[in-house]
Amino acid sequence: MILSKTTVSFPGIGIENFELDNVAFSIGDNFQVYWYGVIITLGIVLAFIYASFRAKYEKILVDDLIDVALWTVVLGVIGARLYYVLTTLENYIPEPFNLWEFLKNVFNLREGGLAIYGGIICGILGIVIATKIKKVNTIKLMDMAGPGVMIAQSLGRWGNFFNGEAHGGIVAQDSPLYFIRMGLLPNEDSAHTMFYYHPTFLYESLWNLLGFILINIFYKKKKFNGQIACMYLAWYGFGRFFIEALRTDSLYIPGTAIRISQLVGILCFVVFGALLVAGLIYSRKFKDPDAKLTKFDEMIKPSLELNPVFFAKKEKVADGVENSNEAEEEKQEQEQEQGEEEDGTDN
């Protein structure tokens, strides 16, 4: 439930009642800009800044990154909205049915309703399309994007805070998390009595922040391209599986008691966790000349070793190289020097 103004408290950590207004500022008399939109936009900007920082390491041109970002952001927002609408379709179909009213409901983002998994799925699609057009390594872009999305998600959950939403159920007094309980007034149960809930927006924000820090520690030590993306998706899926169980506003598979985000979260953890382990095993095995290879290993080894999409090579991700243009200039200089030596021009 989204309220224009909410009274919030965190008595367990000494924060008494204070009022939140979900409107950041107004333009004119009728157009209001909400904190949710401001925070989501800031998260997108931070994600791009982070990817730009990693572009130097991955030797990706920032101009190419801008083109990829445009595809990713646009498709990501569309995907996040469609995912939410399709899982709550009954709320968007007017009675009697009117196509124009239905489309207005679907595209009315100002009323809320974005689902992060839809954004991730279509954001990945945007990366695939854009990198194919720009002829840029798709998997490296996903590595660059993963931690940036984590920090955007960590910040974005505070947009839910300003809306007084995305919280969990009432916290039991004997719960180890009771100290961080969040009071809301009004709430789903009462307009006058404050109840204390699990601040699941905060749990997820802190989980993503911790993941962002840990993944960045490993970034420059990655053994194969795609490792960082797998770490992000496995980490986020694992945490979301447990946090989602506490929420009161989960989306469900129609006709079941299965929370969609829990199901997707555990699938992400299993699938990308397995890919992460497999990648680490093979990156180590193929670099060890004494390693014993199975027939399957021998079959896939030539393809993987020759394919720079997967196995990271240190000389291709070294620090101090500004972008691929600089690397190309160095290569041309070396070829020129070699040609001069052959012609005797440097005698």
Side-chain angles (χ1 to χ4, degrees), residues 1-10 15-52 66-67 69-116 118-119 122-123 126 148-149 151-167 182-188 190-192 194 199 201-202 204-205 249 251:
M1 179 173 63
I2 300 177
L3 303 169
S4 59
K5 291 187 178 182
T6 310
T7 300
V8 184
S9 67
F10 293 88
I15 300 177
E16 299 301 330
N17 294 3
F18 64 96
E19 188 175 75
L20 281 178
D21 189 336
N22 65 359
V23 177
F25 58 90
S26 299
I27 300 175
D29 296 328
N30 300 318
F31 190 81
Q32 297 174 319
V33 178
Y34 296 98
W35 278 113
Y36 183 86
V38 172
I39 291 171
I40 293 295
T41 302
L42 180 58
I44 293 172
V45 172
L46 288 179
F48 177 78
I49 291 173
Y50 176 85
S52 300
I66 293 173
D67 292 336
L70 291 173
W71 279 89
T72 304
V73 171
V74 172
L75 288 182
V77 171
I78 292 173
R81 181 59 174 174
L82 289 180
Y83 187 102
Y84 186 88
V85 169
L86 291 174
T87 52
T88 56
L89 194 57
E90 66 279 2
N91 297 331
Y92 294 90
I93 300 177
E95 292 289 346
F97 181 77
N98 179 289
L99 180 60
W100 176 246
E101 288 298 320
F102 172 68
L103 292 176
K104 281 174 60 179
N105 292 340
V106 168
F107 292 103
N108 186 12
L109 297 180
R110 289 176 57 78
E111 292 298 320
L114 298 174
I116 184 60
C122 287
V149 174
I151 201 63
Q153 288 176 267
S154 182
L155 180 64
R157 280 303 177 196
W158 288 89
N160 298 128
F161 170 65
F162 277 93
N163 282 343
E165 60 183 0
H167 59 75
M182 176 179 66
L184 285 178
L185 187 69
N187 49 62
E188 290 89 338
S190 173
H192 306 288
M194 181 170 282
F201 82 91
L202 178 61
E204 189 171 326
S205 179
D249 59 348
L251 302 175

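Partners of L82 according to the side-chain contact (heavy atoms from CB on, under 4.5 Å) rule, which considers only residues two or more places apart in sequence or in another chain, are I78. Applying the side chain to side chain donor-acceptor pair (under 3.5 Å) test to W71 and every residue at least two apart in sequence or in another chain returns nothing. Qualifying side-chain contact (heavy atoms from CB on, under 4.5 Å) partners for V8, counting only residues two or more places apart in sequence or in other chains: T6, F10, F18, L20, F161, M182, L184. Under the rule for a side chain to side chain donor-acceptor pair (under 3.5 Å), the partners of S154 that lie at least two apart in sequence or sit in another chain are S205. Here Y50 pairs with R54, N216 under the side chain to side chain donor-acceptor pair (under 3.5 Å) rule; sequence neighbours left out. Considering only residues two or more places apart in sequence or on other chains, N91 meets the side-chain contact (heavy atoms from CB on, under 4.5 Å) condition with T88. Under the side chain to side chain donor-acceptor pair (under 3.5 Å) criterion, N17 pairs with no residue, sequence neighbours left out. The salt bridge (charged side-chain N to carboxylate O under 4.0 Å, His left out) check on D21 picks up nothing, with sequence neighbours excluded. In this view, V33 and F25, I27, F31, V38 satisfy the side-chain contact (heavy atoms from CB on, under 4.5 Å) rule, not counting sequence neighbours.
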Identify each donor-acceptor pair in which a side-chain atom of residues 95-103 lies under 3.5 Å from a protein atom, sequence neighbours left out, and give them as a table.
residue : atom : partner : partner atom : Å
N98     : OD1  : W100    : N            : 3.0
N98     : OD1  : E101    : N            : 2.9

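Closest approach of P186 and K5 over heavy atoms only: CD-O, 4.2 Å. The minimum heavy-atom distance between C122 and G79, with the atom names listed, is SG-CA, 3.4 Å. Considering all non-hydrogen atoms of both residues, M194 and T7 come closest at CE-O, 3.8 Å. Between V23 and W35, the shortest heavy-atom distance links the atoms O-NE1, 3.6 Å.
Side-chain atoms of R81 do not come within 3.5 Å of backbone N or O of F107 as any donor-acceptor pair.
Side-chain contact check for F48 versus I66: some heavy-atom pair is nearer than 4.5 Å. Contact of the L114 side chain with the Y36 side chain is registered, since non-hydrogen atoms from C-beta on lie closer than 4.5 Å.
Residue pairs satisfying the salt bridge (Lys or Arg N to Asp or Glu O under 4.0 Å) criterion with at least one member in residues 151-161, sequence neighbours excluded, are listed as follows: R157-E204.
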